K.L.:
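First the structure, then my questions, so here it is.
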Amino acid sequence: MPHADIPSYDPQAVETKWQRLWAERRQNEVHEDPKRPKYYLLEMLPYPSGDLHVGHARNYTLGDVVARYERMRGRNVMHPMGWDAFGLPAENAAISRGVHPRIWTTENIANMRRQLQRLGVAYDWTREIDTSSPEYYRWTQWLFLLMFRRGLAYKKEAPVNWCPRDKTVLANEQVENGVCWRCGTKVERRLLNQWFLKITAYADALLKGLDSLAWPERIKTMQRNWIGRSEGFSFSFAIENVPGARIEVFTTRLDTLFGATFLALAPEHPAVEKLSANTPQSAAVKTFAAEMRDISELDRAQLMEKRGVFSGGYVIHPLTGGRIPVWVTNYVLATYGSGAVMGVPAHDQRDLEFARQHGLEIERVVIPQAGADAVAGQQAFEDDGVLVNSDGFDGLTSSSARERIGEALAGAGNGRKAVLYKLRDWLISRQRYWGAPIPFVDCAKEGLVPVPEDQLPVLLPDDVPFAPESGSPLENAKGWREVRCPRCGGPALREAETMDTFMCSSWYYMRYLSPHDAVAPWSVDAAKYWAPVDRYIGGAEHAVLHLMYARFFYKVLQEEELVPGDEPFLRLFNQGLVLGSNNERMSKSHGNTVGIDETVDRYGADALRLFEMFAGPPESDYPWSTAGITGATRTLARIWRLVLGHPGCCSDTPGEALQNGAEDRDIRYSIHSKIRQITEELGDRMHLNTCVAALMTLLNDLEAATGKTADVAALHAGSRALVLMLAPFAPHIAEELWERSGGAGSVHLQPWPRYDEAALRRDLIPIVVQVNGKRRAAISAEPGCSEEDAMALAIRESTVSAQLDGKRIVKRVFVPDRLLNIVTG
RNA sequence: GCCGAAGUGGCGGAACUGGCAGACGCACGCGACUCAAAAUCGCGCGAGGCAACCCCUCAUGUGGGUUCGAUUCCCACCUUCGGCACCA
């Protein structure tokens, strides 16, 4: 019932008031408290690109709802925010607009922080971090040195991915379908001397750790595939007429060894020249290898067409002693295994295609079952089966043949079981300015020397030229580069490269725990209380990037006893995207963004938050809708009128007394069933959209009952519960209503409402009556009523008896308190 | 090509372990209030049928299957989205 004396709801006034008061009261600051269970909730830290749009708002609201809910459930909630502030866009802005990256970044951070505060997200801002600040990157450098000390950082010359547009190298994970993940430019291959981190040393640990994680299966699968473990056997072929020279191969199908009719080499393989030397093939091989070296492996893969030339040389089959021709091909990767493959055309589709093109022999050595035809088909037979044409191994199954052939080779001193991974070491050098400098110097006498820890941070020089033509700014910063060697005092040059920004984000979740620590990257005591992250919220695009790098870091940190447990993020949640009007991901580059400021100006932060949580399940995408947000606005205005129509309803004495009228029982049932439903769906399941729907239903029920029931106490209690459960979703209006209705303290520090089992008991419950599986009626029965009683009630329904008329009942299915299905003959 | 996820009203979506399909909201229609409009409130709202609006039929991408009963489980196919793409 609208009252004339109820003031109207002014979102802007309410929101600015509470944002100010929460900050003044330092309400969102947290500290270790051994008496309370901790909960570490984290959203992936954003890159400070300038402006937040409603897609970001969805992400951070999602985290905020969970954080506020967990706090009301009695947990000590860590919910920090910071900035992944190093990176290319800042530097590109410097080039195109002449603004220093530091200025550009600082301004963007200020703006985005303001926008997050406008959304009312309850971060502990005293813990804010900026990965581009010296206080932070000092420790990124420190961690790099720790990696070096542990033998996990090394510099070597290797063919690497080079993005010609961004003018830097990229890790394998940062190349998607042959193009740069950031700018979409086709990457090139260059031979450069670069720093790597030995993530491959942790391939097995990274793989095994996945089993314990409550992550979406799809992300775990992507990581498993990326790590790409395969078990097989490694052995070698002797090169004919070159004493002592051998070519090593790896295979997962040792059972097909007798079907090997050629050997395939990558063009980069060191034996290529040796084999063709002094043969008529020499010139052809040189031409082919040179041609292939100019094409990156990624491009070769895209060509798909298999090409190759005979090398002119032969190897000797290790068991039969037969001669096997060696070919140089474009389909064998130099960077996987040994860069050489035994060609078994009958049992490998790729080898078959190649063999057909070049008229090579095809010999079938595995058949589906004993006695089957051993003639090679159109398709390679790649399954396991039974061996034929394999000397003493005929008749064995593939799996036992792999064992026995392996034993035979190993017994002859040739080879062993081996495990190979697709995962490559992480290339972390970047030829760019806006990143953490690699803390090494190159001394004329001592070579590469680490900068001693007490000389960290190696500061980025501020005064450097930014121009597209002048090359890497650090390389040209002479005064900065020229230093004394920390070891011998002689002249040395600083490394002019910076670290991949994924280094910064691989450990930031630990820095939040003691962000102002000047003597350590974080406090181990604080880490013992807070770590690991209980719930991590972020996009799926980081599946094999940040999420794998951070896990690698954590495993190293665990061995250093700097962190508890062996995984950084126990549960991962991938939120869905907000799509723009063109049904594409909302982003600046798509030009379809809807800004936070314009939306909050118009509707208020609470309405935006409520709508974004309501619009769909948190894990699925949905298109932005300005029409939809009006529903949230209306809902908030209705809650405002309802609650203020029950003065004092949030005071500490709800004064709810059980009464007996049927209507009163209904309203109590509605209140308590909604508390139960929202509590169940808000926790682990995160069905936030149905929680909002349940809040709306409760609002409808309370409105409908207002003025119609004598049980004013129940309505007061219902309004109070509504305000409390609204609080995580629309924190400002809930706080205002709490205050205006006599609530003590902050609504956000109240215990979450509990439901009363007694209120959920009903005198009569509906039981659905079906005839042959089709719903014909619903009867009201006492809870726990017997099948016979339900049957008696059911046949009194005309719609049921009409269906039963003249038919014989052959069966009844009775689900107590739910359903009765009568089956006729 | 391989792997994974998803297809439900005009729209976003709901339906916990197989048990009333379409909760909740948007849009739309009718009505109340108003000089009028906005706001607000009430009612209706999957499609079709019948004189019968407390009834019936059909309907959750398509086709089959399991079951007393299928949006839910199984098989095949279609469409969309995501990942991987010569890893021996």
Side-chain angles (χ1 to χ4, degrees), chain A residues 1-2 8 176-178 216-219 221-222 225-226 228-230 232 249-253 256 264 297-298 300-306 329-333 335-344 347-351 353-354 420-424 540-541 543-544 583 610-611 614-617 619-632 634-635 637-638 641 677 680-681 685 687 689-700 703 766-778 797-799 802-803 810-815 818-824:
Chain A
M1 289 290 110
S8 64
E176 296 170 346
N177 285 320
E217 269 317 308
R218 137 187 107 99
I219 302 290
T221 304
M222 281 164 71
N225 292 342
W226 190 262
R229 181 190 155 97
S230 50
V249 299
F250 170 83
T251 178
T252 56
R253 291 302 304 276
T256 65
E297 285 183 347
L298 286 151
R300 284 184 225 169
Q302 258 147 24
L303 291 174
M304 291 306 275
E305 186 204 359
K306 289 182 179 47
T329 73
N330 67 341
Y331 79 96
V332 174
L333 301 174
T335 50
Y336 183 75
S338 59
V341 172
M342 66 179 201
V344 186
H347 304 292
D348 184 291
Q349 192 59 35
R350 299 158 301 185
D351 295 342
E353 283 170 30
F354 187 77
L420 243 52
Y421 300 90
K422 274 176 63 179
L423 183 70
R424 313 286 160 85
E541 67 273 18
V544 293
N583 251 358
L610 193 69
F611 168 67
F614 176 65
E619 67 277 13
S620 28
D621 301 349
Y622 63 69
W624 175 253
S625 149
T626 35
I629 200 170
T630 63
R634 270 180 220 160
T635 300
R638 283 169 58 200
R641 291 194 295 269
Q677 184 190 341
E680 282 170 358
E681 301 202 342
R685 288 165 58 190
H687 289 186
N689 54 327
T690 56
C691 287
V692 178
L695 284 173
M696 289 171 170
T697 309
L698 177 57
L699 170 64
N700 289 345
E703 277 183 344
I767 293 179
V768 170
V769 181
Q770 296 180 335
V771 177
N772 295 325
K774 272 196 196 306
R775 179 194 185 275
R776 295 299 170 182
E797 299 289 326
S798 60
T799 49
Q803 295 294 326
V810 296
K811 186 174 179 177
R812 288 197 309 232
V813 180
F814 182 64
V815 183
R818 287 189 99 137
L819 168 130
L820 174 67
N821 186 14
I822 304 161
V823 185
T824 62

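The figures that follow rest on heavy atoms only: side chains count, while hydrogens, waters and symmetry mates do not. Computed from a predicted structure; not experimentally measured.
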K.L.:
Tell me what A:T221 touches on the nucleic acid: a base, only sugar-phosphate, or nothing, going by heavy atoms under 4.0 Å.
P.N.:
nothing
K.L.:
Base, sugar-phosphate, or nothing: which does A:N821 touch, judged by heavy atoms less than 4.0 Å apart?
P.N.:
base
K.L.:
Where the side chain of A:P617 is concerned, which of B:C24, B:C68, B:G13 is the nearest nucleotide?
P.N.:
B:G13
K.L.:
Name the pairing partner of B:C43, where a pair is Watson-Crick or G-U wobble with both distances under 3.5 Å, or state none.
P.N.:
B:G29
K.L.:
For the atom pair CD (A:Q770) and CZ (A:R812), what is the distance rounded to the nearest 0.5 Å?
P.N.:
14.5 Å
K.L.:
Just the rounded figure in Å: distance from C1' of B:C26 to CZ of A:F614.
P.N.:
8 Å
K.L.:
Once you round to the nearest 0.5 Å, how far does CD of A:Q803 lie from OG1 of A:T824?
P.N.:
8.5 Å
K.L.:
Measure across A:N772 and A:N821 and return the closest heavy-atom pair with its distance rounded to 0.1 Å.
P.N.:
N-OD1, 3.4 Å
K.L.:
Where the side chain of A:R775 is defined as all heavy atoms beyond and including C-beta, which of B:C20, B:A88, B:G25 is the nearest nucleotide?
P.N.:
B:C20
K.L.:
Which whole-number value in Å describes the distance from A:F611 CZ to B:G25 C1'?
P.N.:
9 Å
K.L.:
Pick base, sugar-phosphate or nothing for A:S625, based on heavy-atom distances below 4.0 Å to the nucleic acid.
P.N.:
nothing
K.L.:
Between A:A340 and A:W226, just flag the one whose closest nucleotide in RNA chain B comes earlier from the 5' side.
P.N.:
A:W226
K.L.:
Atom CZ of A:R229 and atom CG of A:L420: how far apart are they, to the nearest 0.5 Å?
P.N.:
10.5 Å
K.L.:
For a quick check of understanding: with a heavy-atom distance under 4.0 Å over all strands, which category does A:R776 fall into, base, sugar-phosphate or nothing?
P.N.:
sugar-phosphate
K.L.:
Using a heavy-atom cut-off of under 4.0 Å over every strand shown, decide if A:T799 touches base, sugar-phosphate, or nothing.
P.N.:
sugar-phosphate
K.L.:
Measuring only the C1' atom in each nucleotide, how far is B:C11 from B:C45? A whole number of Å is fine.
P.N.:
14 Å
K.L.:
On a whole-Å scale, what distance lies between the P atoms belonging to B:C3 and B:A85?
P.N.:
16 Å
K.L.:
If I pick the C1' atom on B:U8 and the same atom on B:C24, what distance separates them, to the nearest angstrom?
P.N.:
16 Å
K.L.:
Does some side-chain heavy atom of A:R253 sit less than 4.5 Å from a side-chain heavy atom of A:D348?
P.N.:
no
K.L.:
By the rule that syn is within 90° of 0, classify the base conformation of B:G64 as syn or anti.
P.N.:
anti
K.L.:
Could you measure between the two C1' atoms, the one in B:A21 and the one in B:C58, and give it in whole Å?
P.N.:
13 Å
K.L.:
Please measure how far the P atom in B:G18 lies from the corresponding atom in B:A70, and state the result in whole Å.
P.N.:
14 Å
K.L.:
Tell me what A:T635 touches on the nucleic acid: a base, only sugar-phosphate, or nothing, going by heavy atoms under 4.0 Å.
P.N.:
nothing
K.L.:
When we call it a touch if two heavy atoms are under 4.0 Å apart, what does A:V823 touch: a base, just sugar-phosphate, or nothing?
P.N.:
sugar-phosphate
K.L.:
Out of B:G12, B:C68, B:C24, which nucleotide sits closest to the side chain of A:V813?
P.N.:
B:C68
K.L.:
B:A15, B:G25, B:A88: which one has an atom nearest the side-chain heavy atoms of A:T252?
P.N.:
B:A88
K.L.:
Taking atom CD of A:E680 and atom SG of A:C691, what is their separation to the nearest 0.5 Å?
P.N.:
10.0 Å
K.L.:
Are any of A:N689's side-chain N or O atoms less than 4.0 Å away from OP1 or OP2 of B:A23?
P.N.:
no
K.L.:
Rounded to the nearest Å, what distance is computed from the NZ atom of residue A:K774 to the C1' atom of nucleotide B:C56?
P.N.:
10 Å
K.L.:
Could you state the atom-to-atom distance from CD of A:E681 to P of B:A23 in whole Å?
P.N.:
16 Å
K.L.:
Whole Å only: how far is the CD atom of A:Q803 from the P atom of B:C56?
P.N.:
6 Å
K.L.:
Between atom CZ of A:F614 and atom OG1 of A:T690, what is the distance when rounded to the nearest 0.5 Å?
P.N.:
10.0 Å
K.L.:
For B:U66, what is the paired nucleotide under Watson-Crick or G-U wobble rules, both distances under 3.5 Å?
P.N.:
none
K.L.:
Does A:K306 make a cation-pi contact with A:Y331 (under 6.0 Å, within 45 degrees of the axis)?
P.N.:
yes
K.L.:
Looking only at side-chain atoms of A:H687, point me to the closest of B:G25, B:G13, B:A15.
P.N.:
B:A15
K.L.:
With both distances kept under 3.5 Å, what pairs with B:G4, Watson-Crick or G-U wobble?
P.N.:
B:C81
K.L.:
Is any N or O donor-acceptor pair between the side chain of A:Q770 and the base of B:G19 shorter than 3.5 Å?
P.N.:
yes
K.L.:
Give one of base, sugar-phosphate or nothing for A:A615, where a contact means two heavy atoms less than 4.0 Å apart.
P.N.:
sugar-phosphate
K.L.:
Over how many whole Å does the gap from A:L819 atom CG to B:A15 atom P extend?
P.N.:
20 Å
K.L.:
Between A:Y336 and B:A88, is there a contact of a side-chain N or O with OP1 or OP2 at under 4.0 Å?
P.N.:
yes
K.L.:
Could you give the CZ-to-C1' distance, from A:R634 to B:G12, as a whole number of Å?
P.N.:
15 Å
K.L.:
With respect to the side chain of A:T630, which nucleotide from B:C26, B:A88, B:C20 is positioned closest?
P.N.:
B:C26
K.L.:
Would you mind telling me which residue lines up with the more 5' stretch of RNA chain B, A:A694 or A:P766, judged by nearest nucleotide?
P.N.:
A:P766
K.L.:
Write down the distance separating the P atoms in B:G63 and B:U71, rounded off to the nearest Å.
P.N.:
14 Å
K.L.:
Determine the contact category for A:R812: base if any of its heavy atoms lies under 4.0 Å from a base atom, sugar-phosphate if only primed atoms, P, OP1 or OP2 are that close, otherwise nothing.
P.N.:
nothing
K.L.:
Using whole Å, report how far CD of A:Q677 lies from C1' of B:A14.
P.N.:
10 Å
K.L.:
With respect to the phosphate group of B:G83, does any side-chain polar atom (N or O) of A:N225 fall under 4.0 Å of OP1 or OP2?
P.N.:
no
K.L.:
Any side-chain N or O of A:S230 below 4.0 angstrom from OP1/OP2 of B:A88?
P.N.:
yes
K.L.:
Which whole number of Å gives the distance between the P atom of B:C73 and that of B:C84?
P.N.:
28 Å
K.L.:
Please classify the nucleic acid contact of A:D351 as base, sugar-phosphate, or nothing, using heavy-atom distances under 4.0 Å.
P.N.:
nothing
K.L.:
Between B:A23 and B:C16, how far apart are the two C1' atoms, rounded to whole Å?
P.N.:
14 Å
K.L.:
Measuring from A:L610:CG to A:L695:CG, what's the distance to the nearest 0.5 Å?
P.N.:
7.5 Å
K.L.:
Across all strands shown, which nucleotide pairs with B:A52 by Watson-Crick or G-U wobble geometry, both distances under 3.5 Å?
P.N.:
none
